[in-house]
Amino acid sequence: MDMADQSQSLIKVNTALMAALSKGSLSLDVFSRDILVLECLVAGTSFRKLQDVEASLNKEVKLEMKREPANEHDNWAIALYFEKHKIGYIPRDKNEVIARLMDAGKSFFATIMAKEWEGNWLKINIKVYFKG
């Protein structure tokens, strides 16, 4: 490409910017933000004893997500943890893509949107984020 063609290109090359990038003094982190990938109810909370931790489950809490590839009910199972307490799972009909990404080394976490008791079932709505 000659100089006349460069002046018509869509991307203008700035030599100072290119020098800063090549020296490592400037980085472009495209995925620096967490990305919302799913909103859902937590599955299986009626099988957990959550009375002791329910008061601590608020919107500021980040739930840890752990893969359970050997789970006898679901090969794509992803358990949700608050501290050391398993509170439930990502629903089976929504977990395969996230599980595959986790198996490939990608990280996710969940936050609580809302919660309420319905009998012995703690209904927990969450948002799942890809860690940016």
Side-chain angles (χ1 to χ4, degrees):
M1 179 184 301
D2 66 18
M3 293 301 275
D5 291 339
Q6 283 183 355
S7 67
Q8 300 300 316
S9 68
L10 292 175
I11 300 172
K12 302 292 185 205
V13 177
N14 179 308
T15 54
L17 177 59
M18 293 304 293
L21 284 170
S22 67
K23 291 179 184 170
S25 57
L26 179 66
S27 77
L28 298 175
D29 189 0
V30 177
F31 291 110
S32 61
R33 294 185 3 205
D34 299 328
I35 300 169
L36 176 65
V37 296
L38 177 66
E39 292 182 13
C40 65
L41 286 173
V42 176
T45 59
S46 61
F47 300 105
R48 315 298 315 164
K49 293 182 180 173
L50 300 177
Q51 291 81 1
D52 294 340
V53 297
E54 184 268 333
S56 299
L57 297 174
N58 57 53
K59 292 183 179 185
E60 288 79 40
V61 168
K62 282 189 178 181
L63 301 173
E64 184 180 359
M65 297 173 57
K66 294 183 183 178
R67 276 284 284 123
E68 289 185 0
N71 184 296
E72 63 184 88
H73 304 290
D74 183 2
N75 293 335
W76 303 114
I78 303 168
L80 295 159
Y81 284 82
F82 168 68
E83 296 173 350
K84 295 180 181 182
H85 304 277
K86 185 189 298 185
I87 65 163
Y89 291 88
I90 299 294
R92 182 186 315 219
D93 64 338
K94 298 178 181 350
N95 66 4
E96 184 177 350
V97 171
I98 295 171
R100 288 179 183 272
L101 289 166
M102 289 177 76
D103 291 347
K106 304 304 178 193
S107 296
F108 293 82
F109 68 91
T111 61
I112 296 172
M113 294 171 23
K115 65 176 179 171
E116 67 177 302
W117 284 103
E118 288 189 12
N120 70 336
W121 175 41
L122 181 58
K123 181 180 172 182
I124 305 173
N125 289 301
I126 61 168
K127 290 183 178 183
V128 176
Y129 292 90
F130 171 76
K131 286 185 186 177

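These numbers come from the heavy atoms of this one structure, side chains and all, not from hydrogens, waters or symmetry mates.
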Listed partners of V53 passing side chain to side chain contact (heavy atoms under 4.5 Å, CB included), at least two apart: L50, L57, F82, H85

For D52, side chain to side chain contact (heavy atoms under 4.5 Å, CB included) partners two or more places apart: none

Heavy-atom closest contact (V37 atom, I98 atom, distance): CG2-CD1, 4.2 Å

Where F108 and M65 come nearest, the two heavy atoms and their spacing: CB-SD, 3.7 Å

Spacing of [atom1] belonging to [X] relative to [atom2] belonging to [Y], to within rounding of 0.5 Å:
{"X": "R48", "Y": "L122", "atom1": "CZ", "atom2": "CG", "result": "12.5 Å"}
{"X": "K127", "Y": "M113", "atom1": "NZ", "atom2": "CE", "result": "5.5 Å"}
{"X": "L80", "Y": "T45", "atom1": "CG", "atom2": "OG1", "result": "10.5 Å"}
{"X": "I78", "Y": "E96", "atom1": "CD1", "atom2": "CD", "result": "10.0 Å"}

Inter- and intrachain pairs under side chain to side chain donor-acceptor pair (under 3.5 Å), touching residues 105-117, at least two apart: E54-K115

Residue pairs involving residues 61-73 (criterion side chain to side chain donor-acceptor pair (under 3.5 Å); sequence neighbours excluded): R67-D103, E68-N71, E68-K86, E68-Y89

Set of salt bridge (charged side-chain N to carboxylate O under 4.0 Å, His left out) partners for E39, sequence neighbours left out: none

Partners meeting salt bridge (charged side-chain N to carboxylate O under 4.0 Å, His left out) with R92 (sequence neighbours left out):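 For R92 there are no salt bridge (charged side-chain N to carboxylate O under 4.0 Å, His left out) partners, ignoring immediate neighbours.
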
Heavy-atom distance under 4.5 Å between the side chains of [X] and [Y], does that happen here?
{"X": "I112", "Y": "N58", "answer": "no"}
{"X": "L36", "Y": "V128", "answer": "no"}
{"X": "I126", "Y": "C40", "answer": "yes"}

Heavy-atom neighbours of Y81 OH exceed 12 at 6.0 Å: yes

Non-neighbouring partners of F109 that pass ring-ring contact (aromatic ring centres under 6.0 Å, His included), sequence neighbours left out: Y129

Cluster companions of W121 among Ile, Leu, Val, Met, Phe, Trp, Tyr (side-chain spacing under 4.5 Å): L41

Side-chain donor or acceptor of N95 paired with backbone N/O of W76 under 3.5 Å: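 Between the backbone of W76 and the side chain of N95 there is a qualifying donor-acceptor contact (under 3.5 Å).
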
